[in-house]
Amino acid sequence: MWEQVEQSLHSSMGRVMNRMATLLPGVLAFIVAFLFFLLIGWLLSLLVRWILTALRFDERMSRGASAMAEWSPRATPSLLISRIVFWCFVIAGVVVGVSSFEAGTSENLVSGWILGYVPRVVGAAILLLAGNVLARFVSRSVLITGVNLNLSYARLLSMGVRWMILVLTGAMVLDHLALGGAIVELGFGILFGGIVFALSLAVGLGSRDLVSRSLEREAARPVEIPQPEKVHHF
Amino acid sequence: MAGVEITEETKQPAERAGSADVVVGIAGAVSAEDVRVRAQQMIQELGSGVSSLRFVFTWPGAGPEAASGDGQAANTPALTLVPYAPPAPAAGGEIWSAVSANQRAVLALADSLNARACIVIGSDLAALDARAIQLFAYAILDRQCGLVMPVYPAAKYEGLINSGILCPLSRALYGKKVRYPLAFDFAVSGALCGRLARIPAALDSSGTSLLWPVTVAATQFPQVPVGQVHVDVRHEVATGGLELSAVLGQIAGSLFYEMDQCASHWQRIRGAQATPIWGNAAEGEADGQPIDPQPMLDSFLLGSKSLDEVWRLLLPPNTLLELRRLTRMAPDQFQMPDELWASIVYDFALAYRLRTISRVHLLGALTPLYLGWVASYVREVSNLSSAAAEQRLERFSRAWEEKKPYLLSRWRWPDRFNP
């Protein structure tokens with residue numbers, strides 16, 4: 001009996017070792033491919049940055065009302081482009097590494113699934129990043145404009161805009177990742193529809209008297225001659 | 001962008017005019033008839049004092065009809081009228097961009113005519129006055145100044161962006177005590193005209209490209225003497241439809257941009273030199289009713305309540321603490337210390353350079369703070385005469401000079417938050 005157990009353990013250990021031995025070239029291939037792409041990405045990003053610096057790209061961009069500089073104020077345009085180049089190569093390195101890993105193991109399941117899903121993940125990550133940047137930019141714009149227009153609810157307005165964009169971004173990301181299916185679309189539709197409906201009710205019913213009184217007051221008010229400002233800023 | 005060059009439309013009448021002693025250029029839209037009448041009237045008023053000088057008047061109006069039309073009919077040996085083609089202003093700027101573009105065109109034309117002096121005036125023609133022109137010409141031709149800026153009659157509630165930011169900042173940075181560094185009217189010597197016109201008009205982040213003659217003179221031609229003349233001129237600036245935050249953003253943004261470009265120059269300058277002033281100070285406006293600073297104070301308080309998250313990114317903790325202390329003050333005791341306002345503007349200039357946040361947001365976030373300063377200033381000078389208010393502004397400008405080491409320190413070591 002012990003002999004059979006021992007034999008069985010030996011054979012499973014052998015299979016495990018065999019499996020590990022077949023995986024090792026794949027792992028090695030993954031590491032080599034990844035490091036190779038990392039190196040190329042790093043070199044290319046340096047090259048791109050050098051070329052853009054030689055072309056005075058940042059100065060050219062900063063001469064006009066550069067949208068790129070406004071959206072990413074801390075990074076110079078050339079730095080931003082060189083980083084994009086670098087990260088593209090990192091992602092390509094991972095994809096190629098996974099492929100070479102599976103070429104080494106003669107199985108195609110994982111890479112097939114990953115390769116099929118990677119574009120979605122990349123797209124979702126870009127959407128998430130863009131949504132966050134957009135939410136921050138737009139909410140700050142609304143806040144500053146609102147304060148400069150003396151709106152006491154500027155902060156509330158800015159937060160509302162920020163969350164609207166973030167929720168919209170979240171729904172788009174989930175949809176892009178094919179997670180949640182119809183629930184996301186349905187939930188988002190109900191949420192947005194509900195907000196619009198609630199606002200319509202609030203304005204239409206809740207403020208009916210207020211609006212009519214305001215209109216009557218406006219119609220009855222004599223035309224005012226604007227008073228000249230006493231303080232001149234310009 | 002290259003410096004301004006004369007267009008073909010302007011070249012022909014300019015070549016016909018030949019040369020000039022003094023070019024008087026109008027930097028804005030105006031009718032040719034108005035220019036002709038006012039110019040002839042002015043030459044008559046000047047009389048024999050300047051009879052040996054040959055004047056050329058120029059205004060934006062070049063075109064087939066202007067080149068051959070009424071302008072040239074009035075030409076005499078002492079007076080020539082030459083229209084110039086108005087350059088297209090930058091897309092982002094409002095009135096100031098257009099004015100600066102025209103000022104550059106006038107300077108380029110004066111350079112091509114080998115003028116000994118060029119006097120640039122605003123389009124309302126308020127400065128097209130014999131006394132003002134005589135003073136400008138005297139300072140350039142007789143006193144050998146390279147650049148002459150105007151000193152307008154004292155008015156304590158007028159031109160507050162200039163009094164609160166432009167004048168003290170320009171003075172502290174470039175070391176020239178000039179009351180109006182961004183003026184509609186100024187005069188330039190023939191030698192400096194071409195250099196000013198040839199300087200590339202770089203666009204800042206808002207697409208604005210303003211001409212800062214004092215900055216250019218102080219940084220690029222420091223040997224050129226700068227003077228000032230008292231002119232009894234009151235400009236009517238059409239402010240209808242202009243938003244304070246937009247205009248403040250354009251003007252302060254342009255100044256911060258220049259500051260960034262000229263950092264190597266102004267870091268070497270210490271203190272401020274007095275500039276010679278000619279003419280007699282015109283009587284300021286009558287001290288009317290005191291102004292209620294409450295609306296401006298309310299804007300400041302709303303800003304401090306709502307923009308805390310933005311200011312936190314731009315200002316050091318000490319300044320934020322001081323601002324918080326200000327918000328707790330009673331309205332009748334509200335006073336923003338000069339040093340605090342100076343350090344706020346310096347910090348904003350630094351954040352503009354570092355692009356801590358979007359520059360559009362940064363300049364927008366300055367408006368409530370500026371209104372806080374205006375509220376404090378208005379409350380403080382409400383019981384002072386215009387002359388006393390000017391003295392108060394002199395002390396205010398000195399505080400900016402004394403605070404300059406703080407700017408230098410933060411500019412050189414921006415990561416050190418509390419120097």
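Lettering follows sequence order; numbering is per chain, from 1.
Checked by atom type and distance alone, the side chain of A:Arg155 pairs as donor or acceptor with a backbone atom of B:Lys305 at under 3.5 Å.
Atom CZ of A:Phe36 is surrounded by 12 or fewer heavy atoms from other residues, nucleotides or ligands within 6.0 Å. With a 6.0 Å radius and a threshold of 12 heavy atoms from other residues, nucleotides or ligands, A:Arg49 has its CZ atom at or below the threshold. For A:Leu156, the CG atom is loosely surrounded, since the number of other residues' heavy atoms within 6.0 Å does not exceed 12.
For the pair B:Asp298 and A:Asn150, the minimum side-chain heavy-atom distance is 4.5 Å or more. In this structure the side chain of A:Asn148 never reaches within 4.5 angstrom of the side chain of B:Glu243, judged on heavy atoms.
Rounding to the nearest 0.5 angstrom, the gap separating the CG atom in B:Leu302 from the OH atom in A:Tyr153 is 11.0 Å. To the nearest 0.5 Å, atoms CD1 (A:Ile144) and CG (B:Leu307) are separated by 6.0 Å.
B:Ser306 approaches A:Leu143 most closely through the heavy-atom pair O-CD2, 3.6 Å.
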